[in-house]
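Beneath this line is the structure, given in structure tokens, with notes to follow.
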Amino acid sequence: MKQSTLSTDFIKPRYSAIPLQAKTAPHTYLDNRVTKSQRESRRTRSQTARERVRTKEHLERLANELHEVELADKLRRCHSRLSVLTCGWHIAQIIPNFTCEFRLCPDCGRRRSRKLQNKYLPMMRAFLRHHHVTPVHLVLTQTHKKETRKQSAKRIKDAFTKLQRRSFWKDYFKGGTWSLEFTKDKNGLHHTHFHIIGFRRKFFDIELLRGEWLAVTGDSHVLNLKPILDIASGLREVVKYVSKPLDIRRFGAEDLREFLGLKNMRMFGTFGEFRDFCADFDPSDNDDEVSELERIDRDLTEGCACPKCAAPLFDLRLSKDELLRFYEGIESSPPDQVRTRWN
Ligand SMILES: [Zn+2]
Ligand SMILES: [Zn+2]
């Protein structure tokens, strides 16, 4: 009889490396990004967890190369042992022994992006209720130049500041959030983008915005705008770049050195009337806006009912490698078998 359990049985990983994104011409970049994120969403949980482990190992190697001993040690310890609350089939909560809080750490980044979602989703919902605006996802890009990451970020931030002062922008946008994403092109030049959730007052011709962006940058007109149909998923998509500001697996030691120099650079922010709205927002007046994310995040303990299937939860102490095998076990076993094994 085929026995597929979760404990010491080693389940052969079926992971295979995801090929690097194909090199593309700049004008097709945005379309490829959509395809890439769709591909990512089809990956299993064990595959994405394994990616995170490998990314961290890669970062740890680079930190060692730079003799950043403390950083390397933190990365090694971060999420290395976990307390997993599970029904044997679903994972209700994972509590790590230690978190490094390093900006490029994919585990810490996920937590940070979850926190941002919890914080801003209720405010966005309330804002949308109070104002006649349409949320849109706007991506602003700039030309690639020979410059440092810091210069590249400053250039696009300055351009956005100028854009916000223009009457076009004020007429059509009532504020929103921004986040930064860094990539490099095939020639190693920085390609920094701005991802904006903008609250649009009224419809406008995209060519007008293109002209405005060209006017403030002097040489950039590539942008992309799409309406956000569901604000929760729109926000999730944008904060993704906060948790994953760049393609770290292509990172070399010099990239890490440069990134460490950015230390206090802000990667996410609010602007316009939405910024003022956030400053005055009182969550206790807006109980109905509390997001479902927060409800999932509430404290669960052993013996509580699993939020997905109501079976009792129990606590497992796992190393990061055991967690990967646990995910694989869940993915490859029928539910009954898993529950029998663990109940
Ligand atoms: Zn971490
Ligand atoms: Zn369950």
Side-chain angles (χ1 to χ4, degrees), residues 4-6 44-46 48-64 66 68-116 239-249 251 255-256 259-260 262-263 267-268 292 295-316 318-321 323-324 326-343:
S4 185
T5 60
L6 300 169
T44 64
R45 211 150 42 150
S46 65
T48 55
R50 191 172 292 277
E51 275 282 298
R52 286 198 299 277
V53 168
R54 292 191 174 189
T55 298
K56 279 167 83 163
E57 288 168 352
H58 179 65
L59 279 172
E60 191 190 326
R61 263 194 307 277
L62 298 179
N64 277 321
L66 295 178
E68 293 280 349
V69 183
E70 199 184 329
L71 175 61
D73 182 58
K74 278 185 176 174
L75 282 162
R76 188 182 48 76
R77 282 162 55 214
C78 176
H79 284 241
S80 59
R81 299 213 55 87
L82 308 133
S83 170
V84 179
L85 201 57
T86 176
C87 62
W89 181 241
H90 307 107
I91 292 180
Q93 199 173 59
I94 296 181
I95 299 174
N97 60 329
F98 175 75
T99 57
C100 69
E101 306 298 338
F102 182 50
R103 280 172 119 161
L104 296 180
C105 167
D107 286 318
C108 293
R110 281 173 91 214
R111 207 181 45 257
R112 208 163 37 242
S113 97
R114 170 66 72 98
K115 266 191 200 162
L116 283 175
V239 299
K240 188 170 76 189
Y241 301 106
V242 179
S243 66
K244 210 197 236 171
L246 35 76
D247 190 355
I248 299 161
R249 297 284 289 283
F251 230 47
D255 292 301
L256 179 61
F259 196 84
L260 290 171
L262 294 180
K263 239 177 222 153
M267 307 283 241
F268 181 91
E292 59 272 25
R295 282 186 219 116
I296 292 166
D297 270 355
R298 73 190 186 278
D299 277 340
L300 291 166
T301 53
E302 242 180 323
C304 286
C306 167
K308 291 237 169 85
C309 71
L313 295 171
F314 56 93
D315 202 14
L316 279 181
L318 301 176
S319 72
K320 63 175 191 247
D321 295 320
L323 178 65
L324 292 181
F326 185 70
Y327 280 136
E328 288 163 358
I330 287 174
E331 286 157 11
S332 63
S333 311
D336 292 349
Q337 222 169 41
V338 181
R339 290 218 189 94
T340 314
R341 177 67 187 81
W342 285 104
N343 282 347

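Atoms within a ligand are numbered from 1 in the order they appear, just like the ligands themselves.
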Check all N, O or S atoms of H90 and name the one closest to the Zn ion (ligand 2).
-> ND1

Nearest-0.5 Å distance, CG of residue L59 to NZ of residue K74 = 14.0 Å

Listed as residue and atom, the protein N/O/S atoms under 2.8 Å from the Zn ion (ligand 1) are C78 SG, C100 SG, C105 SG, C108 SG

Is R45 positioned over the aromatic face of Y327, cation under 6.0 angstrom from the ring centre and no more than 45 degrees off axis?
-> no

So with a 6.0 Å cut-off around CD of E302, is the heavy-atom count from everything else above 12?
-> yes

Take the Zn ion (ligand 2) as the vertex and measure to SG of C87 and SG of C309; round to 10°.
-> 110°

If you round to the nearest 0.5 Å, how far is CG of D107 from NZ of K320?
-> 9.5 Å

Roughly how far, to the nearest 0.5 Å, is NZ of K56 from CG of L104?
-> 12.0 Å

Sub-3.5 Å donor-acceptor pair from the side chain of E60 to the main-chain atoms of D73, do we have one?
-> no

Would you say the side-chain atoms of R112 pair up with the backbone N or O of R103, donor to acceptor, closer than 3.5 Å?
-> yes

